[in-house]
2 protein chains.
Amino acid sequence: MKQSSTVEPISDAQKYVLETNRIGAIWQICFIANNFVFPVNAFFGKEYDISRVEFVILFVLSHRDGLMAWEICRMTNLPKNNVSRGANKLEQKGHIRRTGDPKDARRALLSLTETGWALFDEMIEHYMDRAQSILNLLDADDQRALDRITIKLSNALVAKNQD
Amino acid sequence: MKQSSTVEPISDAQKYVLETNRIGAIWQICFIANNFVFPVNAFFGKEYDISRVEFVILFVLSHRDGLMAWEICRMTNLPKNNVSRGANKLEQKGHIRRTGDPKDARRALLSLTETGWALFDEMIEHYMDRAQSILNLLDADDQRALDRITIKLSNALVAKNQD
DNA sequence: TCTGTCAAGTCCCGTTCGGGACTATAATGC
DNA sequence: GCATTATAGTCCCGAACGGGACTTGACAGA
């Protein structure tokens with residue numbers, strides 16, 4: 001591997017940043033997230049013709065069916081026009097269904113169709129493999145601790161964002 | 001707060017996803033990263049007219065001066081055209097300087113200027129405040145554990161990507 | 001029942017993004 | 001020395017993104 005003119009390998013510079021940066025774990029978290037999300041999205045885009053936003057919608061609906069678009073926005077921090085577009089595309093492709101709320105014509109409850117479930121089940125396998133191959137770089141104790149702490153932090157963020 | 005027709009508050013659905021999702025800590029990590037990065041970028045864009053990529057370049061250069069664009073790409077997973085654009089804009093604004101390598105005309109070493117350092121010092125304060133306000137949702141032990149584990153995982157990813 | 005306000009979703013439009021082709025320079029092999 | 005390959009960086013262009021205006025429908029208050 002060719003090195004920079006500083007003679008120092010990149011991995012050393014990366015480690016230096018990781019270990020001395022002034023925003024601590026947040027930098028690492030963004031680094032890990034980017035390392036995971038970009039390749040996976042690129043793969044999904046090519047393999048399944050599903051964008052990041054579309055996958056997130058499928059993912060959320062696989063846990064709670066019958067959500068409205070704005071609920072998905074709140075749950076994921078995605079802007080509503082982005083979710084709107086994603087939901088429209090998924091509907092066009094037949095992966096989700098909109099059920100109008102008879103009591104409120106503005107509302108549309110989104111839910112996965114048969115083919116949507118089939119697609120999601122296939123995609124989530126790839127996703128899990130990739131996620132696990134990253135997490136397996138840690139030993140079992142650290143994996144458990146990471147899971148516990150990130151759930152705690154996420155829940156705290158949810159609560160914080162609520163008001 | 002208006003609730004969905006499912007009667008269930010969104011935060012409950014969010015918690016459910018967080019705790020039952022099949023990709024584990026990776027979902028949480030992406031969630032936390034997005035929760036942090038989006039608002040901060042929006043703020044920086046307005047307040048300092050600095051995009052995400054530009055800030056990342058400043059951030060990396062603040063740790064290791066005199067890097068080349070491709071090294072920043074490797075360190076951050078950003079595509080090279082994006083870094084190229086960011087570096088050009090930062091140069092136009094006078095925040096970084098390109099020093100041509102006399103031995104290799106293709107190479108240009110990037111380094112922060114005085115004004116670049118001044119800008120970065122100001123921005124990093126905001127960044128640290130935001131990061132800390134999120135991390136402080138955890139107790140001191142968990143903060144330490146999270147830092148330790150994410151550093152370990154990041155370093156492992158760096159090593160994995162190397163080959 | 002009219003009017004003002006709010007809420008869900010869509011549309012418009014300028015910006016950012018990123019894959020891949022391309023340019024320019026250096027290194028390598030014969 | 002010349003042809004080939006590799007490397008650093010830029011350019012082009014279509015796709016994705018997101019702020020904010022807009023549309024439509026619901027609802028509260030007088």
Side-chain angles (χ1 to χ4, degrees), chain A residues 1-6 10 34 37-57 66-92 96 98-110, chain B residues 1-6 10 34 37-47 49-57 66-92 96-110:
Chain A
M1 174 57 56
K2 201 66 178 304
Q3 290 176 11
S4 85
S5 54
T6 61
I10 291 171
N34 287 338
V37 163
F38 276 75
V40 170
N41 283 341
F43 174 77
F44 280 179
K46 278 191 186 173
E47 195 76 6
Y48 298 105
D49 188 32
I50 291 287
S51 71
R52 177 178 73 99
V53 173
E54 293 169 64
F55 181 73
V56 169
I57 295 173
L67 293 170
M68 289 182 292
W70 72 269
E71 294 177 296
I72 297 176
C73 294
R74 283 286 308 274
M75 290 173 68
T76 59
N77 271 348
L78 290 171
K80 58 183 180 173
N81 49 10
N82 212 344
V83 170
S84 171
R85 262 190 304 256
N88 284 334
K89 287 206 184 140
L90 286 172
E91 193 184 18
Q92 280 167 28
I96 67 171
R98 297 173 122 88
T99 314
D101 184 338
K103 304 203 172 182
D104 188 337
R106 293 170 308 179
R107 299 185 167 193
L109 306 181
L110 308 178
Chain B
M1 173 58 57
K2 201 71 176 304
Q3 288 176 13
S4 84
S5 55
T6 61
I10 292 171
N34 287 338
V37 163
F38 277 74
V40 170
N41 283 340
F43 174 77
F44 280 179
K46 278 190 186 172
E47 195 76 7
D49 188 31
I50 290 287
S51 72
R52 176 178 73 100
V53 173
E54 293 169 66
F55 181 73
V56 169
I57 295 172
L67 293 170
M68 290 182 290
W70 71 270
E71 294 177 297
I72 297 176
C73 295
R74 283 287 306 275
M75 291 173 68
T76 60
N77 270 350
L78 290 170
K80 58 183 181 173
N81 48 10
N82 212 344
V83 171
S84 171
R85 264 190 302 255
N88 284 334
K89 286 205 183 141
L90 286 172
E91 193 185 19
Q92 280 167 29
I96 68 171
R97 184 188 306 115
R98 297 174 122 87
T99 314
D101 183 338
K103 303 203 172 184
D104 188 338
R106 293 169 307 177
R107 300 184 166 193
L109 306 181
L110 307 179

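Just so it is clear: chains get the letters A, B, ... in the order the sequence lines come, proteins before strands, and each one is counted from 1.
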> How many Å lie between CZ on A/Phe55 and P on D/dC17, as a whole number?
Replying inline: 15 Å

> Reading DNA chain D 5' to 3', what string of ( ), [ ], | and . shows its pairs, if Watson-Crick and G-U wobble pairs count only when both distances fall under 3.5 Å?
Replying inline: ||||||||||||||||||||||||||||||

> Is A/Glu71 close to A/Leu110 at the side-chain level, that is, under 4.5 Å between some pair of heavy atoms?
Replying inline: no

> In whole Å, what is the span from the NZ atom of A/Lys46 to the P atom of D/dG14?
Replying inline: 18 Å

>> Rounded to whole Å, how long is the line connecting atom CZ of A/Arg107 with atom P of C/dA7?
In response: 11 Å

> How would you label the contact of A/Ala42 with the nucleic acid (heavy atoms, under 4.0 Å): base, sugar-phosphate, or nothing?
Replying inline: nothing

>> I need the A/Lys46 NZ to A/Asp49 CG distance, nearest 0.5 Å.
In response: 13.0 Å

>> Pair A/Leu67, A/Met75 - check side chain to side chain contact (heavy atoms under 4.5 Å, CB included), show working.
In response: CA-CA 10 Å; A/Leu67 293 170; A/Met75 290 173 68; 4.0 Å; yes

> Rounded to the nearest 0.5 Å, how far apart are CG of A/Asn88 and CD of A/Glu54?
Replying inline: 10.0 Å

> How long is the gap from NZ on A/Lys89 to OG on A/Ser51, to the nearest 0.5 Å?
Replying inline: 6.0 Å

>> Among residues 82-90 of chain A, which ones have heavy-atom contacts with DNA chain D below 4.0 Å?
In response: A/Asn82, A/Arg85, A/Lys89

>> According to side chain to side chain donor-acceptor pair (under 3.5 Å), who are the partners of B/Thr76, at least two apart in sequence or on a separate chain?
In response: none

>> How many whole angstroms separate atom CD1 of B/Ile57 from atom C1' of D/dG9?
In response: 13 Å

> With sequence neighbours excluded, what pairs up with B/Glu91 under the salt bridge (Lys or Arg N to Asp or Glu O under 4.0 Å) test?
Replying inline: B/Arg98

> With sequence neighbours excluded, what pairs up with A/Asn41 under the side chain to side chain donor-acceptor pair (under 3.5 Å) test?
Replying inline: none

>> Over 60° means perpendicular and under 30° means parallel, so tell me whether A/Phe43 and A/Tyr48 are parallel, tilted or perpendicular.
In response: perpendicular

>> How long is the straight-line distance from CG of A/Leu78 back to OG of A/Ser84, given to the nearest 0.5 Å?
In response: 12.0 Å

>> Just N and O in the side chain of B/Arg98: are any of them under 4.0 Å from OP1 or OP2 of D/dT10?
In response: yes

>> Working to the nearest 0.5 angstrom, can you tell me the gap between A/Asn82 CG and A/Ile57 CD1?
In response: 8.0 Å

> Whole Å only: how far is the CG atom of A/Asn34 from the C1' atom of C/dC17?
Replying inline: 13 Å

> Starting at the 5' end of DNA chain C and moving along, which residue's nearest nucleotide shows up first, A/Ala69 or B/Pro79?
Replying inline: A/Ala69

Collect all protein-nucleotide pairs involving nucleotides 21-25 of chain D in which both atoms are nitrogen or oxygen and the distance is under 3.5 Å.
residue : atom : partner  : partner atom : Å
D/dG25  : N2   : A/Arg106 : NH1          : 2.6

> Counting just side-chain N and O atoms, does A/Arg52 come under 4.0 Å of either OP1 or OP2 of D/dC17?
Replying inline: yes

>> Check this for me: does the side-chain of B/Asn81 come within 3.5 Å of the base of C/dG19 through a donor and an acceptor?
In response: yes

> If we only count heavy atoms from C-beta on, is the A/Leu90 to A/Ile50 side-chain gap below 4.5 Å?
Replying inline: yes

> Atom CD of B/Gln92 to atom P of D/dT10: distance rounded to whole Å?
Replying inline: 11 Å

>> Nearest whole Å is fine: how far is C/dA8 C1' from A/Ile72 CD1?
In response: 13 Å

> What's the CZ-P distance between B/Phe38 and D/dA16, to the nearest Å?
Replying inline: 16 Å

